[in-house]
Structures are given as structure tokens and as C-alpha cells.
Amino acid sequence: MSEPRIITDFDAPRAASTTRSVMKKLPVVTLAFWIMKIAATTLGETAGDLFAQTLKLGYFLTTIVLFSIFVVTLLVQLRSKRYNPFFYWTVILSTSMAGTTMSDFMNRDASAKYLSAGATSLGWGPQGLGLGYPVGAAVLISVLLAIFAVWKSSGMTFQIRDIVTFRGEALFWSAILVSNTLGTSMGDFLSDSSGLGYAGAALLVVGLLMVLVALMKVPTVPNVALFWIAFVLTRPLGATAGDFLTKPVAKGGLDLGTLGSSLVLLVVLFGMTTYAHVRERRSEAAQAQPAEVSRRAG
């Protein structure tokens, strides 16, 4: 039985022919993909806060460090000749961590309400731009739309399974980074400023995701749009889940701490990535076997 695909069939007729002739670099989007995405973005939230707040590096310095890590992991992914779950999900994680601190640096300032317990400053460098969540979100949405405009004008496919060129991957990962940063801003606004709290914000995002699933049945709604909306929305879900795990009980959290929560999430994500890696290698072996038999017969 084939795995259920969730918001994937952007361009099915062309995908059927293209994926047979090229080595895929990106995963098929299944239910497992979305579970791993939420785990990675939750870990990105807790790990980003671990560096910026718990270790008191501050938003500016942490953004520089985590963005540099993103560039390194992206180069490894781009140089890979085929899809490798460890490479792919490491980049997703690095975009989530960098997106957390990039969002915090854009939206927050040096006021005491953004400091962790016992902290007196946000670390070295500028103390945040203080744009606020609405302005920060507007900036990020504009950047994301600009990326999609360039992507569309290039004539390259939005179908993930068909992205095999360097330029296509570069556009894809640019959109991923901005999407995760935008999702962080949305998550922080919903959980901190909207009055919904962590649980209420998470329930709202889950409800919106269920609406997207229902819209998959509507022929006039393009699945490619649903995918990117879902990709953005799973980030605030991860952000609110991360805040729920780490924030004090008095603020509605579980007070597990950024370090403990990050380690648990890292183990979960590593286990799921290892499973995906094993399945990928088995799938490749199964596909290669008929070809080898045919070659010997010939």
C-alpha cells in the first residue's frame, strides 16, 4: 500500500515523466514529512531560544552564528547528487533555528519584557530592530512574494519532486528560510500578543491546517498554494509548541527548559530521519534490482 500524500500533487502528469529521468534531490511530501517538519520547527524554536536567551548570546550574534550554520548545511545539500534525509532535514532545522532568531531580532527590542529570567541585556551587538510583529510580518510576506515572483518568472516548476537544478533548489531554500522566519513571527504574535496563549494559538493553527486539508478536495484551489500556506502555518505551530514546552508554568508553559526540550526533540527528529534514510536506501535498492536483472539478461 502506498503512503498517503498530503498536499503534494502539484503537477502530477509532468511529474510522472520527470522523476523517472532524473535523480531526485527533495523528498516526497507525505504525512511523515509534515510530522518531521513540525518536530524540526519546534526544535528550531527551542534551540534558537537556547542560544539567544539561555546562553545569553543575544539575537544579533545568534542570528549571525545560526545563519552561518544554515549556509554551511545548505552548501552540503546543494552539492549532494541525490536526496539524503540527513542533509535535507539538517537544512530544515537550520532554517528553523535561524528563522527563530531572525524573527526575534526583527520584531523585538531591548525592553525587559523580551529578556529571559535573570538576564539584564540581550548580548553583544544591536539589541533588536523593534519593528513589531505586524510590520515584521509585512516585510517577510513581501520578501516571500518577491521570491515566488522570481521563481514563477524563471519558468521552473513549483513541484517539489521535480526540483533538480541548482537554481531551483536555491529558490526553494530561500522560500523555506523566509517561510520559517515568517512562521516564527506569526507564532510569537499568536502566543504572546493575541491573548490566545500557547494552547489556544496551537489549536487555532491546527484548525487552519484542517481547513487546508479540506480545501485539497476543491478543484479550483491550487495545491501548490496550499502547500506553502501549510508550510508557513506549521512553523507557528512549532513555535507555540516550543514555547509551551519551555516557558514557565505561570505563563502557561511546562517549564521544561530550552536545553532539555531541545535534547528530547533532537532525539525524536534524529530517530525519524534515520528511519527515513533506511527507507530511502531500501527504495533505491528495490528500484535498482529490476534494472540489474534486465542488464544481465541482455
Side-chain angles (χ1 to χ4, degrees), residues 41-71 94-147 174-198 200-202 204-205 232-248 250-253 257-258 261-262:
T41 53
T42 306
L43 176 56
E45 177 73 15
T46 59
D49 288 345
L50 171 65
F51 286 109
Q53 299 178 21
T54 305
L55 299 181
K56 300 179 182 179
L57 295 179
Y59 301 135
F60 180 71
L61 183 58
T62 302
T63 296
I64 293 176
V65 172
L66 294 181
F67 187 82
S68 299
I69 293 174
F70 159 68
V71 171
S94 66
T95 62
S96 298
M97 292 191 298
T100 295
T101 54
M102 287 168 62
S103 170
D104 290 343
F105 180 73
M106 288 178 60
N107 298 322
R108 300 181 178 185
D109 52 36
S111 58
K113 67 179 180 178
Y114 294 124
L115 300 178
S116 58
T120 57
S121 70
L122 291 174
W124 179 82
Q127 302 296 285
L129 300 179
L131 297 179
Y133 297 123
V135 175
V139 171
L140 292 168
I141 290 173
S142 299
V143 173
L144 187 59
L145 290 176
I147 292 173
S174 297
I176 294 294
L177 178 63
V178 177
S179 296
N180 277 332
T181 307
L182 173 61
T184 301
S185 297
M186 293 173 60
D188 288 341
F189 170 75
L190 290 174
S191 59
D192 295 337
S193 304
S194 68
L196 292 174
Y198 305 127
L204 174 62
V205 175
V232 171
L233 286 177
T234 49
R235 184 63 184 94
L237 181 59
T240 53
D243 286 339
F244 179 68
L245 291 173
T246 60
K247 298 301 182 182
K251 292 185 176 182
T258 55
S261 298
S262 297

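Index from 1, following the sequence.
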If you draw a 6.0 Å radius around CZ in Phe51, do more than 12 non-hydrogen atoms from other residues or ligands fall strictly inside?
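Not more than 12 within 6.0 Å, no.
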Passing candidate, side-chain contact (heavy atoms from CB on, under 4.5 Å) with Leu57, options Thr62, Leu50, Leu66, Thr63:
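For Leu57, the side-chain contact (heavy atoms from CB on, under 4.5 Å) check succeeds only for Thr62.
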Out of curiosity, [X] [atom1] to [Y] [atom2], how far, rounded to the nearest 0.5 Å?
X: Leu177; Y: Thr181; atom1: CG; atom2: OG1; value: 4.5 Å
X: Asn107; Y: Tyr59; atom1: CG; atom2: OH; value: 10.0 Å
X: Ile64; Y: Ile69; atom1: CD1; atom2: CD1; value: 12.5 Å
X: Leu182; Y: Leu233; atom1: CG; atom2: CG; value: 9.0 Å

Taking all heavy atoms of [X] and all of [Y], pick out the closest pair and write down the distance.
X: Val232; Y: Met186; answer: CG1-SD, 3.7 Å
X: Ala47; Y: Met97; answer: CB-SD, 3.5 Å
X: Thr46; Y: Ser262; answer: OG1-OG, 3.0 Å
X: Tyr133; Y: Ser185; answer: CD2-O, 3.8 Å
X: Ser261; Y: Gly257; answer: OG-O, 2.8 Å
X: Gly136; Y: Leu131; answer: N-CB, 4.3 Å

Do Leu245 and Thr42 pass the side chain to side chain contact (heavy atoms under 4.5 Å, CB included) test, and can you show the C-alpha distance, the side-chain angles, and the key distance before you say yes or no?
CA-CA 9 Å; Leu245 291 173; Thr42 306; 4.3 Å; yes
Would you please say whether a donor-acceptor pair under 3.5 Å links the side chains of Ser96 and Thr41?
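Side-chain D/A pair, Ser96 to Thr41: absent.
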Using a 3.5 Å distance criterion without hydrogens, assess whether the side chain of [X] forms a donor-acceptor pair with backbone atoms of [Y].
X: Thr184; Y: Asn180; answer: yes
X: Ser103; Y: Thr100; answer: no
X: Thr101; Y: Gly48; answer: no

Side-chain touch Met106/Leu140, heavy atoms, less than 4.5 angstrom:
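The answer is yes; the side chains approach within 4.5 Å.
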Residue pair Asp104 / Asp49, side-chain heavy-atom distance below 4.5 Å:
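Answer yes - side chains close enough.
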